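Here is the structure we will look at, set down as structure tokens.
All values reported here derive from a predicted model rather than from experimental measurement. Position 1 is the first residue of the sequence, and the numbers go up from there.
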Amino acid sequence: MPLYHKFKATSATTAFLLFLYDYSGYGASSGKATEFNTYADIEAVYHCLRRDYGIKQEDLILYGQSVGSGPTLHLASQLLRLRAVVLHSAILSGIRVLYPVKMTFCFDIFKNIDKIQLVKCPVLVMHGTDDEIVDWSHGKRLWELCKQKYEPLWIKGGGHCNLELYPEYINHLRKFIHAMKTFSVTNNFNQVQQMHRQPKQKC
């Protein structure tokens with residue numbers, strides 16, 4: 001689990017706590033893997049953090065990778081005081097992974113293209129330029145639709161499941177976490193936005 005080890009190392013150097021879980025039907029979790037089950041899962045995790053650990057939404061950074069970007073944006077679109085969101089190889093929607101459609105159909109799943117516009121907190125988008133499963137255009141469009149843009153990370157040559165193997169991945173993630181520590185969610189995000197909104201392609 002190289003991504004887990006990257007997170008663990010980052011948490012040790014940036015002083016934040018890590019909470020990981022498996023969606024229904026994934027990993028060690030029972031149940032069936034469906035869109036609405038993943039929404040229920042992330043809501044249950046959030047309520048657990050609030051009830052059992054006293055964690056406020058202002059102290060949370062949600063991280064969603066690939067299909068996991070769906071439940072991440074589902075919850076983020078409902079939390080008005082969330083600290084931040086990280087989208088890693090995220091999808092615009094389920095159908096758009098397969099077909100370059102221009103509109104959202106009622107039977108589509110994980111409609112991130114609509115929910116990203118409801119997210120009020122800063123968003124970091126990371127995507128590989130050679131992603132063989134979810135085209136780079138998904139990440140670029142999600143970044144364009146963000147209300148609070150942070151400098152995205154486009155990893156040249158990066159695929160769908162190997163971004164964490166590139167040194168710039170962990171460096172950029174650490175920089176984002178440090179930036180999120182410097183402001184209060186009750187304050188204006190313009191200062192951080194001006195510092196980090198210009199996209200850079202990492203070579």
- Query: How about F36: does its CZ atom have over 12 heavy atoms from other parts shown lying under 6.0 Å from it?
  - Reply: no

- Task: For the residue pair R96 and H138, establish whether any side-chain heavy-atom pair is separated by less than 4.5 Å.
- Result: yes

- W143 side chain vs Y150 backbone, donor-acceptor pair below 3.5 Å: yes

- Are W154 and L87 connected in the hydrophobic side-chain network, where two residues link if heavy atoms are under 4.5 Å apart? yes

- Can you list the residues that meet the salt bridge (Lys or Arg N to Asp or Glu O under 4.0 Å) rule with D131, with sequence neighbours excluded? none

- Query: Can you check side chain to side chain contact (heavy atoms under 4.5 Å, CB included) on C146 and I116, steps first, answer last?
  - Reply: CA-CA 6 Å; C146 289; I116 188 66; 3.9 Å; yes

- Message: Quick check: is L79 connected to F19 through a chain of hydrophobic side chains (ILVMFWY, heavy atoms under 4.5 Å apart)?
- Response: yes

- Is it true that a side-chain atom of N37 and a backbone atom of K32 form a donor plus acceptor pair closer than 3.5 Å? yes

- Nearest heavy-atom neighbours spanning K120 and L80: CG-CD2, 4.0 Å

- Any donor-acceptor pair under 3.5 Å from K111 side chain to C106 backbone: yes

- Counting distance only, does the side-chain N/O of S29 pair as donor-acceptor with the main-chain N or O of D22 below 3.5 Å? yes

- Item | Point-to-point distance, once rounded to the nearest 0.5 Å, from CG of L82 to CD1 of I61 | 8.5 Å

- Can you tell me how far CE of M180 sits from CD1 of I177, rounded to the nearest 0.5 angstrom? 10.0 Å

- Euclidean distance, Y169 OH relative to N162 CG, rounded to 0.5 Å: 11.5 Å

- Query: Looking only at heavy atoms, what is the nearest atom pair of T72 and Y63, with distance?
  - Reply: OG1-O, 3.5 Å

- Are R83 and E58 close enough for a salt bridge, meaning some N to O gap below 4.0 Å? no

- Message: According to side chain to side chain contact (heavy atoms under 4.5 Å, CB included), who are the partners of Y26, at least two apart in sequence or on a separate chain?
- Response: Y23, A33

- Message: Tell me if a side-chain donor or acceptor on H74 pairs with a main-chain N or O of F110 at a distance below 3.5 Å.
- Response: no

- Verify, without hydrogens or angle tests, whether Q57 (side chain) and R81 (backbone) share a donor-acceptor contact under 3.5 angstrom. yes

- Task: Search all heavy atoms of A90 against all heavy atoms of L142 and return the closest pair with its distance.
- Result: CB-CD1, 3.6 Å

- Item | Minimum-distance pair of heavy atoms, taken over all atoms of S89 and G159 | OG-O, 4.4 Å

- Query: Is there a donor-acceptor contact under 3.5 Å from the side chain of K149 to the main chain of E144?
  - Reply: yes

- Would you check if I55 and R50 make a side-chain contact, meaning some heavy-atom pair closer than 4.5 Å? no

- Message: Could you tell me if the side chain of N112 sits less than 4.5 Å from the side chain of S93, heavy atoms only?
- Response: no

- Task: Check whether any side-chain N or O of D108 sits under 3.5 Å from a backbone N or O of I95 as a donor-acceptor pair, and report yes or no.
- Result: yes

- Query: Hey, does L163 have a side-chain heavy atom less than 4.5 Å from the side chain of H88?
  - Reply: yes

- Within-4.5 Å side-chain heavy-atom neighbours: D41 and P71: no

- Side-chain heavy atoms under 4.5 angstrom apart, residues restricted to Ile, Leu, Val, Met, Phe, Trp, Tyr: same cluster for I91 and L98? no

- Is any side-chain heavy atom of F176 less than 4.5 Å from a side-chain heavy atom of E151? no

- Are L92 and F107 linked, directly or through other ILVMFWY residues, by side chains that come within less than 4.5 angstrom of each other? no

- Whether H178 side chain and L173 backbone form a donor-acceptor pair below 3.5 Å: no

- Query: How long is the gap from CG on L124 to CD on Q148, to the nearest 0.5 Å?
  - Reply: 14.0 Å

- Query: Judged by atom type as modelled, is there a donor-acceptor pair below 3.5 Å linking the side chain of E164 to the main-chain atoms of I170?
  - Reply: no

- Task: Could you check H160 against S66 for side chain to side chain contact (heavy atoms under 4.5 Å, CB included), going step by step and ending with a plain yes or no?
- Result: CA-CA 8 Å; H160 190 67; S66 190; 2.8 Å; yes

- Task: Check the pair E168, I155 against side chain to side chain contact (heavy atoms under 4.5 Å, CB included), reporting the backbone distance first and the verdict last.
- Result: CA-CA 8 Å; E168 54 265 45; I155 297 184; 3.9 Å; yes

- Using only heavy-atom distances, determine whether the side chains of E35 and Y39 contain a donor-acceptor pair under 3.5 Å. yes

- Message: For a 4.5 angstrom cut-off between non-hydrogen side-chain atoms, does V86 reach L62?
- Response: no

- How far does NZ of K140 sit from NE2 of H127, to the nearest 0.5 angstrom? 10.0 Å

- Answer with yes or no whether the hydrophobic clustering places I42 together with V85; edges join I, L, V, M, F, W, Y residues whose side-chain heavy atoms lie under 4.5 Å apart. yes

- Message: If I take atom SG from residue C161 and atom CD1 from residue I133, how far apart are they, to the nearest 0.5 angstrom?
- Response: 5.0 Å

